Amino acid sequence: MTITPPQRRRHTSPAALIALSAAASLIAALLPAAASATTAVTGHGSSPRSEKTVVPTLDARATLSADYLAEGPASGAAVTPANGRSGPFDGQVIPGFSAMLDNGDGTFWAQPDNGFGAKGNSADFLLRNYLVKPEWQTSRGGAGEIDILRHISYNDRNGVLDFAIVNEDTSERLLTGADFDIESIVRAKDGTFWVGEEFGPFLLHFDKNGTLLEKPYPLAGAQSPQNPYLGGAQPTVAASRGFEAMAGSRDGRYLYPVLEGAYLADTDQRRRVINEFDTRKGRYTGRTWSYQTDITPNVIGDAFTTRDGKLLLIERDDFEGDQSVIKRVYQVDLRQRPDREGFLHKTLVLDALRVDNPHGIDEGEGYGLGETYALPVQSFETVLQLRDGRLLIGNDNNYPGNDARNTGTPDDTEFAIVDLQRTRVTPDAVTVVAHRGASGYRPEHTLAAYETAITQCAEYIEPDVVATKDGVLVARHENEIGGTTDVAAHPEFADRRTTKTIDGVQVTGWFTEDFTLAELRTLRAEERLPQVRPQSAAFDGLYPIPTLDEVMDLARHSKTCDGRPVGVYPETKHPTYFDSIGLSLEEPLVVELRRNGLDDRRAPVILQSFETRNLRDLNRMTNVPLAQLISNSGAPYDLVAAGDPRTYADLVTRRGVAEIARYADGIGAEKNVIIPRNADGTLAEPSSVVRDAHRAGLTVHAWTFRVENQFLAADFRSGADPYAPGDLAGEIRAFLDTGIDGFFTDNPDIGAATVAE
């Protein structure tokens, strides 16, 4: 068996193809929320109904060579060399497109940004808007090329601006990337262009030939470090965090420019503000809306008004290639009341990392070009709805710096048309739980691991929950973080290394309860088992420690491969210990459930613990399903601390499972509890645990299924190398035969494919 990166893996069955593509879907007809929780927790033996869901499918693709040069003077003299390219270039570079307009006749206006990413290196880049015509490659063939027909040059030939520009003393006064950073565009009813930019941030109004009509419109209270009027004042928005995105109302009267990042002084750095500008009155109306990103570093890449008046927003991270986590299109409705925290409700429309490619368009030509199409570029910055309802997405390639498709080669500019078609999918009866995310492929307990798990058709993602010094719940395998973060490389935290007694065992290292959330945010995750999982360790140092709130946000804004909400399966770690230091886990956990609208038995949430008392407490505090974890040895620490002689073995007797059923809905049992091993390491006969639990009304989820030989029963090992992959699918099949209702796995792709069989 060969392990390949999740987005590169190939699927051999139609069912698997449908499943993976559906993971990116906007669901047209959702199952009731109760179905997800019922199947997972209390519905063993049930047969899920098939439902129709939306499966994003790649219909067409076209590209423009990254090295294409448009007519004009040389550009890029000050560009930083990358991917074998260095300036100056003999013409005008087209570094991708940050905004587009559909002309309805097969052509588009496509607008690059300020050129090479900074004010200081883009003075020789001319701001333009290109008329382009894609010659699409589809299932029927086609050139797959983007033709450049002509362009207009943005200029200030009427002398509107009252500050100096690069071409100040020329008659044409052509605008450059050192004057403005243009990022978004809306066409007015009269054919003029409204452009959002980032140096101000300003709104710019150009006639149809590109001439500036009036002075830039500033947004009161928003000034970037590049603002020409800043003087000695302090900026209020960060550089390159202005109007990356802007949409217009259907009647053309209002513009909705969106700040790409948060205001510097905002206490919630996940807030992105949508503003309203009245084009008739030439002023902002004062109406604003708040949008919350999945995590703080994410930015808003584009906005578009759909035919029914809702807004499509691109939310993306700053990673590219296989490091990418969030490249998504969400939908919001400005007419809808916000949630309890004041944020717009957002619905997933498209995950650009997971689009079905049944026609094999450009398959094999680079990363993300396979049976599942992905747009894993750093700057996913274009989305628009075509007149037939399909979506067009595209990229800014930050020439010559990005190489998401092929390492060492600059990314081409690319357009893709995605059809949000419907198909019928039958949910699996067995629940696949991503153990700490897809921890076989990405460092555990990172949003990258959880997102990869969703890509791989997991139905639940499992965060282990510990507390910070300031009482924030975060996702870590243990409260000791020396083996899962780069804390040892931070000299400022050297004095935090200490020895503590956790559940009766002395542990030396660094502990979450000695760090504030802000301090933990300075750390980056590392693979806990680098010798076992070198492919996961390759992503060390990239991803921050997520809060439980962020994990819940990711889950509730995602969809499973069968079109249902992704579930969350939090485990409270060492609750007796955390109680002893005044950082109880239960109360803040329930608060987070309520904040996220998940404190409901119908919600796709299961809470689990190795201890019993905190589950009894949670049973009184919340209605969500609970699961008692069972180890193959030892006893729950709360029972040990109380002098109770019962062990885990006692908990899975008939009497024990009947007692568990009084406060929990299921058990999560270690594999050897369900099927013991013989002396030679092979599987013995199954125990009665599954049967007894089912008779008590409990579901059974088994843990943990891992692909490496050292974790498999001897029957399924491929050789003597403990790190080599064995027959994980075979072992899972053996446990499915016992009647388990679900299982935890580090390799959700293998688990989901095995269940689909």
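Please read these numbers as outputs of a predicted model, since none were measured by experiment.
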Is any side-chain heavy atom of I481 less than 4.5 Å from a side-chain heavy atom of E478?
no
Nearest-0.5 Å distance that lies between atom CG in D746 and atom CD in E462:
9.5 Å
Sidechain N-carboxylate O distance under 4.0 Å for E659, R616
yes
To the nearest 0.5 Å, atom NE2 of H574 lies from atom OG of S609 at 10.0 Å
Residue list, ring-ring contact (aromatic ring centres under 6.0 Å, His included) with Y543, at least two apart or on another chain:
F319
Establish, from distance only, whether the side-chain atoms of D579 and S584 form a donor-acceptor pair under 3.5 Å.
yes
Please tell me if the side chains of P570 and V568 come closer than 4.5 Å, counting only heavy atoms from C-beta onward.
yes
Do the charged groups of K346 and D294 touch, with an N to O distance under 4.0 Å?
yes
Pairwise side-chain contact, I750 with F705, heavy-atom cut-off 4.5 Å (strictly under):
no
List the atom of G483, the atom of E480, and the distance in Å for their closest heavy-atom pair.
N-OE1, 3.9 Å
Between E731 and K671, does at least one N-O distance fall below 4.0 Å, as a salt bridge requires?
yes
Output all residues satisfying ring-ring contact (aromatic ring centres under 6.0 Å, His included) with F511, sequence neighbours left out; order by chain, then residue number.
none
Would F743 and V433 satisfy side-chain contact (heavy atoms from CB on, under 4.5 Å), going step by step from the backbone distance to the final call?
CA-CA 6 Å; F743 57 90; V433 184; over 6 Å; no
Of the options D600, D599, T622, which is the one that meets R594 in a side chain to side chain donor-acceptor pair (under 3.5 Å)?
D599
Do you know which of E550, E444, H445 makes side chain to side chain donor-acceptor pair (under 3.5 Å) with Y450?
H445
Test V657 against L651 for side-chain contact (heavy atoms from CB on, under 4.5 Å), laying out the working first.
CA-CA 6 Å; V657 295; L651 295 187; over 6 Å; no
Student check: side-chain heavy atoms of R533 and E708 closer than 4.5 Å:
yes
CG (L542) and CG (D540) are apart, to the nearest 0.5 Å, by 8.0 Å
Could you tell me the separation between the OG1 atom of T754 and the CG atom of L736, rounded to the nearest 0.5 Å?
7.5 Å
Looking only at non-hydrogen atoms, find the nearest pair between G681 and D715 and report the distance.
O-OD1, 4.1 Å
For E527, is there an ion pair with R442 - N to carboxylate O distance below 4.0 angstrom?
no
Heavy atoms only: give me the nearest P636-R646 pair and the separation to one decimal.
CD-O, 4.3 Å
Which pair of non-hydrogen atoms, one from A374 and one from P376, has the smallest distance, and what is that distance?
O-CD, 3.2 Å
Heavy-atom check, side chain of T699 versus side chain of D665, under 4.5 Å
no
Can you confirm whether N596 sits close enough to R556 that some side-chain heavy atom of one is under 4.5 Å from a side-chain heavy atom of the other?
yes
How far does OG1 of T57 sit from CG of D356, to the nearest 0.5 angstrom?
4.5 Å
Report the C-alpha separation of N614 and T572 in whole Å, then their side-chain angles, then the decisive distance to 0.1 Å, and conclude whether the side-chain hydrogen bond (donor to acceptor under 3.5 Å, both in side chains) test is met.
CA-CA 9 Å; N614 76 312; T572 55; 2.8 Å; yes
Is it true that a side-chain atom of T738 and a backbone atom of F735 form a donor plus acceptor pair closer than 3.5 Å?
yes
Intermediate values then yes/no, side-chain contact (heavy atoms from CB on, under 4.5 Å), L520 and V474:
CA-CA 9 Å; L520 283 181; V474 296; 4.3 Å; yes
Salt bridge or not between R595 and D549? Use side-chain N to carboxylate O under 4.0 Å.
yes
Answer with yes or no whether the side chains of D562 and T560 bring together a donor and an acceptor at under 3.5 Å.
yes
What is the minimum heavy-atom distance between V551 and A475, and which atoms define it?
CG2-CB, 4.4 Å
To the nearest 0.5 Å, tell me how far T612 OG1 sits from L626 CG.
12.0 Å
Strictly below 4.0 Å, N to O, side chains only: are E571 and K573 in salt-bridge contact?
yes
Would you please say whether a donor-acceptor pair under 3.5 Å links the side chains of R706 and T745?
no
Of all heavy-atom pairs between G440 and N747, which one has the smallest distance, and what is that distance?
CA-ND2, 4.2 Å
is_close_aromatic(F744, Y569), centroid dist under 6.0 Å
yes
Indicate whether the side chain of N709 and that of S718 have a donor and an acceptor atom separated by less than 3.5 Å.
yes
Would you mind listing every side chain to side chain donor-acceptor pair (under 3.5 Å) that reaches into residues 679-688, with sequence neighbours excluded?
N678-T682, D680-T682, S688-D692
Is there side-chain contact between L350 and V355, with heavy atoms separated by less than 4.5 Å?
yes
Judged by atom type as modelled, is there a donor-acceptor pair below 3.5 Å linking the side chain of T512 to the main-chain atoms of A467?
yes
So that I can tick it off, tell me whether D464 and R436 are bridged by a salt bridge, with the cut-off set at under 4.0 angstrom between side-chain N and carboxylate O.
yes
Just to verify, what does Y577 make a side-chain hydrogen bond (donor to acceptor under 3.5 Å, both in side chains) with, not counting sequence neighbours?
E513
Only one of V640, T576, L639 passes side chain to side chain contact (heavy atoms under 4.5 Å, CB included) with E611; say which it is.
T576
Are side-chain N/O atoms of S558 and R328 paired as donor and acceptor at under 3.5 Å?
yes
State, yes or no, whether a side-chain contact exists between L473 and L589 at a heavy-atom distance under 4.5 Å.
yes
Considering residues, nucleotides and ligands other than R655, do more than 12 of their heavy atoms fall under 6.0 Å from its CZ?
no
Of all residues at least two apart in sequence or in a different chain, which pass the side-chain hydrogen bond (donor to acceptor under 3.5 Å, both in side chains) check with N623?
none
Listed once per pair and sorted, the ring-ring contact (aromatic ring centres under 6.0 Å, His included) pairs that draw on residues 598-656, sequence neighbours left out:
F610-W703
Can any side-chain N or O of D638 pair as donor or acceptor with the backbone N or O of R613 at less than 3.5 Å?
yes
Could you walk me through whether C457 and V432 pass the side-chain contact (heavy atoms from CB on, under 4.5 Å) test, one step at a time?
CA-CA 8 Å; C457 298; V432 178; over 6 Å; no
Check whether the ring centres of Y441 and F539 lie less than 6.0 Å apart, and answer yes or no.
no
